[in-house]
Amino acid sequence: MASQFRRVSESKFLKLSPPQILVLGFASIILIGALLLMLPISSTNGNAVSFIDALFTATSATCVTGLVVLDTGTTFTIFGKTVIMVLIQVGGLGFMTMATLFAMMMKRKISLRDRLILQEAMNQGSMEGIVRLIRRVLIYSLVIEGCAAVLLSMRWAFDMPLGKAIYFGIFHAVSMFNNAGFDIFGDFRSLTDYVYDPLVNIVVMFLIVSGGIGFIVMSDLVEFRVKRKLSLHSKVVLSTTAGLILIGALVIFIFEFTNQRTLGNLNFGGKILSAFFQSVSPRTAGANTVDIAGLRQASQFFMVILMFIGASPGSTGGGVKTTTFTIMIGAVIAMLRGREDVVLFRYRLAQERIYKALTLTLLALLLVLTVSMLLSTTEDSNFLAILFETTSAFATVGLTMGLTPELSIIGKILICLTMFAGRLGPLTLVYALGPKQGKPLYKHPEGKIIIG
């Protein structure tokens, strides 16, 4: 009877599509994480955390967001913080990546179905070289996190006992590389105590950017010595990322230069360092060295734009992605110039890429606006704070203007769903929840409508 039930369960599992397996996998990890965080051993006061708060924290960690309704540093014990750190690592690299790691350790063959799921999880166009990519993902992650943990531990050893400094170094290296934004300094203050510290700022910014450019680009950069050539994808990601960081730092520097609540009280070097940090962080990281609620509204709205764009495909970050943003800009430029093709670095893009970028952008925009409208009816806050919160959740950023701890139960559920949708991606959710459709057997006659 047990073997028959197992065979039925396996047959039902095999019928699931890769997007459906990803959705169920992430949902299962979140639920397990929430149950672990509800245990009395996870809480510093020995009492169980409420299910909704544990679920919110587990969702935020697994979806590598960083929004918190409970202060991580003071609410959770070492056990609870370790659970959060593990959820961040699994959520950032993907549960299929971790499953592949265990399979390789046990010398188990990676099946065709596993490769299909990995292809979907890593947002790849084909299965070719997917297992090799996963190996590189694991190696790059461990090396970068390990080096950063050592540097941060050495710095924080001057401020706290060595054992605590090492744990802080490991936790924040994992959190920042996976673009989670969780911190354990307490009192919701993130890295504001280190606004002048060049080592902490530079290491954290490097972690955020390296985790946000994507493992494909990282692999391309490592192989550059041999190939002496970068792929079109890497060129687009690196140029867009650099451009957004520079423009973001310049805008924040100008807008906040005289703001006494943020950059106004800092010296010139501190202003530049803070401007760059606040430009890098909205790209789905969620850490901050100045008070986000103290920023001028122009800066806050500009951060909403940066958050919506987000990181790059195949990375630990969210948002509509840098490549989608660049394709949309390229399409606009092509239309203004009267050209049919979108050309980037002398390569013409297929129409299917442009349609996908447009679809993803509109779905993301629809999700953010819908959730913002709903939160406007459930939360007692101004609309900019609500829009900031919603975009931060969708792009898995973790920055907040102070609304997260004040969310109602309905608000927490809405933000949880938004974080979940943002981590998996709107298209993946649509493919997972929508009915399967084959290619049409016929074409409708062409029609013309007036635009503009």
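Residues take their numbers from the sequence shown, with the count starting at 1.
- In this structure, T391 and I305 have side chains that are not in contact, with every pair of non-hydrogen atoms separated by 4.5 Å or more.
- When all heavy atoms are compared, the tightest approach of F168 to I184 is CZ-O, 3.4 Å.
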- Task: Give the intermediate values and the outcome of side-chain contact (heavy atoms from CB on, under 4.5 Å) for residues V368 and T418.
- Result: CA-CA 8 Å; V368 169; T418 307; 5.9 Å; no
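- Ring pair F325/F308: centre-to-centre distance not below 6.0 Å.
- L87 CG to T59 OG1: the interatomic distance, rounded to the nearest 0.5 Å, is 9.5 Å.
- Between I327 and K321, the closest side-chain pair of non-hydrogen atoms is not below 4.5 Å.
- A cation-pi arrangement is present between K271 and F257, with the terminal nitrogen or guanidinium carbon under 6.0 Å from the aromatic centre and inside a 45° cone about the axis.
- Taking every heavy atom of both residues into account, V304 and F388 meet most closely at CG2-CD1, 3.8 Å.
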- Stepwise, does the side-chain contact (heavy atoms from CB on, under 4.5 Å) test hold for M328 with V332? CA-CA 6 Å; M328 295 297 291; V332 171; 5.7 Å; no
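- Between D183 and R189 no salt bridge is recorded (no basic side-chain N to carboxylate O distance below 4.0 Å).
- In the model, S312 has no side-chain atom that pairs as donor or acceptor with a side-chain atom of S315 under 3.5 Å.
- A 4.5 Å side-chain heavy-atom check between F56 and I413 finds every atom pair outside the cut-off.
- Considering Y167, F177, F185 in turn, F185 is the only one that fulfils the ring-ring contact (aromatic ring centres under 6.0 Å, His included) rule with H172.
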Tell me which donor-acceptor pairs under 3.5 Å the side chains of residues 140-147 have, and how far apart each pair is, sequence neighbours excluded?
| residue | atom | partner | partner atom | Å |
| --- | --- | --- | --- | --- |
| S141 | OG | V137 | O | 2.6 |
| E145 | OE2 | Q89 | NE2 | 3.3 |
| E145 | OE2 | N178 | ND2 | 3.2 |

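- Side-chain atoms of S60 come within 3.5 Å of backbone N or O of G66 as a donor-acceptor pair.
- Here the side chains of N267 and Y196 are in contact, with some heavy-atom distance below 4.5 Å.
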- Kindly determine whether T390 and F394 satisfy side-chain contact (heavy atoms from CB on, under 4.5 Å), including the steps that lead there. CA-CA 6 Å; T390 306; F394 162 74; 5.6 Å; no
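- Here the shortest heavy-atom pairing between M401 and Q300 reads CE-OE1, 3.2 Å.
- Aromatic rings of Y194 and F277 (six-membered ring for Trp) have centroids beyond the 6.0 Å cut-off, not under it.
- Shortest non-hydrogen contact noted between G317 and A311 is CA-CB, 3.8 Å.
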- Message: Could you walk me through whether L221 and S234 satisfy the side-chain contact (heavy atoms from CB on, under 4.5 Å) test, starting with their C-alpha distance in whole Å, then the side-chain angles of each, then the deciding distance to 0.1 Å, before giving a yes or no?
- Response: CA-CA 8 Å; L221 290 172; S234 296; over 6 Å; no
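- A 4.5 Å side-chain heavy-atom check between V290 and E256 finds every atom pair outside the cut-off.
- Not one N or O on the side chain of D53 forms a donor-acceptor pair closer than 3.5 Å with the backbone of V69.
- Checking side-chain atoms of T77 against main-chain N and O of I41 turns up a donor-acceptor pair under 3.5 Å.
- In this structure, OG on S219 lies 4.0 Å from CD on E223, to the nearest 0.5 angstrom.
- Here the closest heavy-atom approach between residue S392 and residue L399 is recorded as OG-O, 2.7 Å.
- Contact check for R155 versus V203: no side-chain heavy atoms found under the 4.5 Å cut-off.
- Applying the side-chain hydrogen bond (donor to acceptor under 3.5 Å, both in side chains) rule to S153 yields no partners; only residues at least two apart in sequence or on another chain are considered.
- Contact check for D197 versus L191: no side-chain heavy atoms found under the 4.5 Å cut-off.
- Contact record, R283 with T322: NH2-CG2, 3.0 Å, taken as the closest heavy-atom pair.
- Annotation: side chain of T262 is not in contact with side chain of I252 (no heavy-atom distance under 4.5 Å).
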